[in-house]
Q: 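Pasting a structure below so you can have a look.
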Amino acid sequence: MKNLQSKLYKLNALLEASKLLNSTQDVDYILDFLLKKSLELIEGGDAGAIFLYNKQKNVLEIKSYAGFDSSISEIKLNLGESMTGIAFLRKKSMLFNNLKEINKAINTMREENKKILRKGLKTKLDRLQSSICCPLIYKEECIGVIVIDNFEDNIPLTYDDMYLLESISVQATIAIINARNYERELRNNRALERYNKMLKEERNKYKYSTSLHSKFTEMVLNGCSIQDILLEVSSLIKRDVFLIDLFYNINNYNFQYYTKLEMIEEISQNLKSYLKNKKRSSYFWLEKDIYLKFFPVIVNMDTLGWLGVVSDDNFFSELDNITVEKCITILALQLLKINELNDMEQSLKGEFLDSLLLNQNKEYIMKCAKKYKFNFNKNHQIIILNIEMDKNFLIQEKHKKELNRYIKYYYSIINGKINSIFPGSIALINGHSIIIILELDNKDNKKKIKYFLDDIMNMSSKTFFSSRVKRKFKAGISSIIKSIDDFKTAFNNAKQALKIASSIEKDIIYIFYDDLEVKKLLLNNDKKELEDFLLKTLGPLLNYNKKSRNEFLETLKIYITSNGNWTYTKDYLHIHGNTLSYRLNRIMDILKVDLNDYNQRLKIQIAFEILDIIKMC
């Protein structure tokens, strides 16, 4: 009977406690009250503590304690450390009433925590008789642990005590979550109050919108940058913002609320599928529990980029939407201005090229040369790089726009790389071609050009077209330009080399005009004689009926055309030195030649020239 009365008393106390817990939104008060009530209801409870999980630091921190000295608050437990950390990981209540189990669990504590615990105890640690560790669970996630310790063996802790503590923990968890939600609601209300204050100052949404537009417009007129606009809008909506360009690069951003640039760049490839040309879209990053919203920046029905907004919820107030819309409008104007300046720059570069080719208006040529730091005392060379598409694909207007976008992407890559390899060079877009005027130095120019073109043509580019649509990259490289009078001839040379490259079926190829002299000489010979020479020299390898045939042919061609440069061949093919040595030895066995013999290498080089001619025909 006495036992029943005790249970009824405890249940009644629990009911009263739950009412009180749910009547307050003060987390500290809830925790202190909860611990006090637990020690009051559990007769064997001599001391206790409540740990809450700190997600950022990934540790359990004491938020309330009783029966300990204040120094106990310095303890920070790793997950799985001591009885508390074990219960947290297992997500279930645990009664430790066996000294062996207690000591085993305590021994998992780091030494610094043991020292703090011994200092904070009002009795000796080895007097601990039993302990209950009860996790606080919310939506299958553990948010903390409540611990009750017994140091007197006259009233040990029991499973009934553990079940009672579980009941308290359920109510406590709900109260803690409610309090946290309330605190968050207060923060949101404070943010809302800021917006309401803004509304009051502007009197209504229209005035706010007009004022915001005027503010952004004034910023633009005063010469602010896209970065300045993003900083302003980020401070207004209290969210992270960033701008994605047409090539999926993030060059402008403000991250200070929810994430970092490095984190967004990690998932940037996944974000592509969420970017819509004409509509808003969103992405929920489950791992970080944040939302990303994307707003297309559109001018004349063309998308120029996307504004990304990061927050911890998917809710946008009317003021948020007004702010973002005004930001997009100003960004569109800025991007349009940048595009127009780029187009103007392309036009000026085109006029400069035309003047060079016509060799007219020397004053204008010298003025442009000064602007572009173009040095006529240096030798130059012209590259015309063409990006070809299936004509049937280009019938649709949207695909023509995408091709222009793709060309601009390659131009941006070329413009970024060209001056690091050939300082003083100029690149410009001309239709579907990119024209590059290289400023040469004194050595290895052809080798550098090959490296440059290989890097540009074979790089792992971002895909803007359907994978079913093939793109062909062809380039013609002129002879060396030694004076201003040679530009027109060199430009025609490059066009002739490009024309021959375009007639070859390979998707990626470039041809140096100077290399065509050999082909012209060979073309004066009888076709049958050329074919006989080819079969005699390369026949065994061309007819080699194994998978490695094409691999051996490519390796041999690179090795021969690089004048037997072993290191260049290895690096170009991205293979190990042992692999290259093996391939060259197998090739010599198949062809019965010695690649160290200059005459035999010359024959093979001529054979490859003949092979190119036959493919062109």
Side-chain angles (χ1 to χ4, degrees), residues 266 269 383 385 413-414 416-418 420-422 441-463 467 470-475 477 501 504-512 514-515 518-519 533-615:
E266 282 180 17
Q269 295 300 313
I383 299 175
L385 189 150
I413 297 295
I414 288 170
K417 290 187 176 186
I418 189 66
S420 64
I421 305 172
F422 296 98
D441 53 26
N442 296 323
K443 69 172 191 174
D444 293 331
N445 288 310
K446 188 169 184 178
K447 184 178 178 181
K448 288 181 181 177
I449 293 172
K450 285 184 175 182
Y451 266 124
F452 169 69
L453 287 174
D454 288 337
D455 189 29
I456 295 298
M457 290 181 163
N458 297 321
M459 67 183 167
S460 178
S461 63
K462 300 172 177 67
T463 304
S467 58
K470 296 191 74 175
R471 299 172 294 282
K472 295 182 180 181
F473 299 87
K474 306 296 176 72
I477 303 97
I504 299 173
E505 285 302 312
K506 288 176 67 176
D507 292 339
I508 299 174
I509 190 169
Y510 53 83
I511 291 178
F512 287 81
D514 290 342
D515 294 344
V518 176
K519 286 184 172 61
F533 183 87
L534 174 64
L535 289 173
K536 183 178 178 182
T537 309
L538 286 180
L541 191 54
L542 291 171
N543 296 321
Y544 190 59
N545 193 22
K546 289 189 178 179
K547 289 182 179 179
S548 53
R549 170 185 171 276
N550 291 336
E551 193 177 75
F552 287 165
L553 277 170
E554 182 185 21
T555 301
L556 179 59
K557 185 171 184 178
I558 299 303
Y559 183 73
I560 291 296
T561 54
S562 66
N563 199 27
N565 190 321
W566 189 87
T567 302
Y568 173 85
T569 306
K570 171 180 70 69
D571 293 343
Y572 180 89
L573 295 171
H574 304 292
I575 59 176
H576 192 273
N578 292 339
T579 303
L580 177 58
S581 296
Y582 166 77
R583 289 185 188 178
L584 292 176
N585 286 329
R586 284 293 299 126
I587 289 167
M588 286 191 286
D589 288 342
I590 294 168
L591 294 179
K592 302 291 190 262
V593 296
D594 180 4
L595 292 178
N596 295 315
D597 186 314
Y598 168 77
N599 290 319
Q600 293 187 17
R601 286 205 313 273
L602 179 60
K603 286 181 180 180
I604 292 172
Q605 187 167 353
I606 292 171
F608 273 117
E609 296 289 343
I610 293 170
L611 186 60
D612 286 342
I613 290 171
I614 291 172
K615 287 180 179 178

Q: Does a side-chain heavy-atom distance below 4.5 Å link N563 with R601?
A: yes
Q: Does M588 reach the side chain of D594, with side-chain heavy atoms less than 4.5 Å apart?
A: yes
Q: Under the side chain to side chain contact (heavy atoms under 4.5 Å, CB included) criterion, do L542 and L534 qualify, and how do the steps go?
A: CA-CA 9 Å; L542 291 171; L534 174 64; 4.0 Å; yes
Q: Are the side chain of N585 and the backbone of S581 linked by a donor-acceptor contact shorter than 3.5 Å?
A: yes
Q: Keeping R549 on the side-chain end and N543 on the backbone end, is there a donor-acceptor pair under 3.5 Å?
A: no
Q: Test I421 against Y451 for side chain to side chain contact (heavy atoms under 4.5 Å, CB included), laying out the working first.
A: CA-CA 10 Å; I421 305 172; Y451 266 124; over 6 Å; no
Q: Kindly compute the distance separating CD1 (I558) from CG (L580), expressed to the nearest 0.5 Å.
A: 11.0 Å
Q: Would you check if F552 and L591 make a side-chain contact, meaning some heavy-atom pair closer than 4.5 Å?
A: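 Sidechains of L591 and F552: no contact.
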Q: How long is the span from the CG atom in L538 to the CZ atom in F533, to the nearest 0.5 Å?
A: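 L538 CG to F533 CZ: 8.5 Å, rounded to 0.5 Å.
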Q: Less than 4.5 Å apart, any side-chain heavy atom of I606 and any of T537?
A: no
Q: Using every non-hydrogen atom in the two residues, find where D597 and N599 come nearest and quote the distance to one decimal.
A: OD1-N, 2.9 Å
Q: Let me confirm one number: the CG-CZ distance from L541 to R586, rounded to the nearest 0.5 Å.
A: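 Going from the CG atom of L541 to the CZ atom of R586 covers 10.0 Å.
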Q: How far apart are the C-alpha atoms of R583 and L573, what are their side-chain angles, what is the distance that settles it, and do they pass the side chain to side chain contact (heavy atoms under 4.5 Å, CB included) test?
A: CA-CA 12 Å; R583 289 185 188 178; L573 295 171; 4.1 Å; yes
Q: Can you name the nearest heavy-atom pair linking T555 to E551, along with the distance?
A: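 Heavy atoms only, the tightest pair is OG1-O, 2.8 Å.
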Q: For P540 and I590, work out which heavy atoms get closest and say how close.
A: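 Where P540 meets I590 most closely, the heavy atoms are CB-O, 3.5 Å.
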Q: Is it the case that more than 12 heavy atoms not belonging to K447 sit under 6.0 Å from its NZ atom?
A: yes
Q: Go through the steps to decide whether Y510 and L385 satisfy the test side chain to side chain contact (heavy atoms under 4.5 Å, CB included), and finish with yes or no.
A: CA-CA 8 Å; Y510 53 83; L385 189 150; over 6 Å; no
Q: Within 45° of the six-membered ring axis of F512 and under 6.0 Å from that ring's centre, is NZ or CZ of K446 located there?
A: yes
Q: Going by heavy atoms in the side chains, are I449 and F422 under 4.5 Å from each other?
A: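 Contact flag for I449/F422 side chains = yes.
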Q: Would you compute the distance between atom CG of N565 and atom CD1 of I560 and round it to the nearest 0.5 angstrom?
A: 12.0 Å
Q: Nearest 0.5 Å please: distance from the CG atom of D514 over to the CD1 atom of I477.
A: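 Taking CG in D514 and CD1 in I477, the distance rounds to 10.0 Å.
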Q: Please report the interatomic distance CG(D589) to NZ(K592), rounded to the nearest 0.5 Å.
A: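 Spacing of CG (D589) from NZ (K592) equals 6.5 Å.
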Q: Do K450 and Y572 make a side-chain contact, defined as non-hydrogen atoms from C-beta onward lying under 4.5 Å apart?
A: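 Heavy-atom side-chain distance check fails, nothing below 4.5 Å.
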Q: State whether the number of non-hydrogen atoms from other residues, nucleotides or ligands found under 6.0 Å of K603 atom NZ is greater than 12.
A: no
Q: Would you say the side-chain atoms of S562 pair up with the backbone N or O of Y559, donor to acceptor, closer than 3.5 Å?
A: yes
